[in-house]
Structure formats: structure tokens, C-alpha cells
> 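Quick one: this structure, given as C-alpha cells, is what I'll be asking you about.
The structure displayed is predicted, hence computed values, not measured ones.
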Amino acid sequence: MQSRFSPLGRDEQLEADLADILEEARKNPDIKSVDLQVRAGRITDTLTEQLIEPFKPDLVICGERGLSNMQYAFVGSVSKYLIRTVRCDVHVVKA
């Protein structure tokens with residue numbers, strides 16, 4: 001699937017946008033490996049079953065959007081889901 005704003009596909013565009021950060025991480029001797037995976041779909045199918053469980057990470061880092069209480073009630077929370085379901089540590093970053 002290609003964006004109407006970019007000739008690159010979704011995965012390639014994300015890799016291009018994050019190129020500097022990914023290169024810095026790959027050159028860091030303290031980071032064993034860096035792999036970018038892009039998926040779309042339901043949280044349970046994509047995030048946990050396809051992106052977290054197969055890699056058996058020691059740590060998952062996710063962001064919190066800081067939605068209001070009313071929005072939270074309707075939207076739910078990915079960070080809360082991860083904290084309750086994954087078997088490793090979860091670090092939530094609040095922007």
C-alpha cells in the first residue's frame with residue numbers, strides 16, 4: 001500500500017523517516033540488534049502475537065497519548081493492555 005503523499009510504501013517510508021535513529025542504534029555496541037517491523041491490525045493480533053511474543057523481549061517500550069478520562073473510556077489504552085498481558089517489563093513513555 002503506497003501513500004498518496006510519498007512514492008514509497010508504508011514500511012519504506014517509516015524506515016526512511018527513522019533512518020538516522022536506526023543507524024545510530026545499529027552502531028551502538030550496547031544494542032545487540034535493531035529490527036524495524038511495521039504491521040497494521042488489531043492490537044492483540046499484531047502487537048502481541050506478531051511483534052512481541054515471537055521475539056521474547058526483555059523490555060517493551062510504548063508511548064502514552066494522555067487522552068482525557070472520557071476519551072480513555074471509549075478508546076481504551078494500548079499501554080494498559082501491554083502492562084497487563086506481556087510477560088516482560090513494559091516502559092511507558094508519556095510525551
> Donor-acceptor pairs under 3.5 angstrom involving side-chain atoms of residues 52-59: please list them, not counting sequence neighbours.
none

> Should T48 and T85 be marked as a side-chain contact (heavy atoms from CB on, under 4.5 Å) after you check the CA-CA gap, both sets of side-chain angles, and the distance that decides it?
CA-CA 8 Å; T48 53; T85 59; 4.1 Å; yes
> In a table with atom names and distances, give each donor-acceptor pair under 3.5 Å that connects a side chain of residues 20-30 to protein atoms at least two apart or in another chain.
from	atom 1	to	atom 2	distance (Å)
N28	OD1	D30	N	2.7

> Of the non-hydrogen atoms in V34 and I31, which two are nearest, and what is the gap between them?
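Between these two residues, the closest heavy atoms are CG2-CG2, 3.8 Å.
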> With sequence neighbours excluded, what pairs up with D17 under the side chain to side chain donor-acceptor pair (under 3.5 Å) test?
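Partners of D17 by the side chain to side chain donor-acceptor pair (under 3.5 Å) criterion, ordered by chain and then number, come out as Q13.
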> Would you please name every residue forming a side chain to side chain contact (heavy atoms under 4.5 Å, CB included) with R42, sequence neighbours left out?
T44, D45
> Could you tell me which residues satisfy side chain to side chain contact (heavy atoms under 4.5 Å, CB included) with R39, sequence neighbours excluded, listed by chain and number?
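Testing R39 for side chain to side chain contact (heavy atoms under 4.5 Å, CB included), a comparison that skips the adjacent residues, returns Q37, T46, Q50, L51.
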> Within the structure provided, determine whether V92 and I83 are in side-chain contact (heavy-atom separation under 4.5 Å).
yes
> Any non-hydrogen side-chain atom of V90 less than 4.5 Å from a side-chain atom of C62?
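Side chain of V90 against side chain of C62, heavy atoms only: contact under 4.5 Å found.
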> Which distance, rounded to the nearest 0.5 Å, do you find between the CG of L36 and the CG of L14?
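Reported to 0.5 Å precision, the distance equals 5.0 Å.
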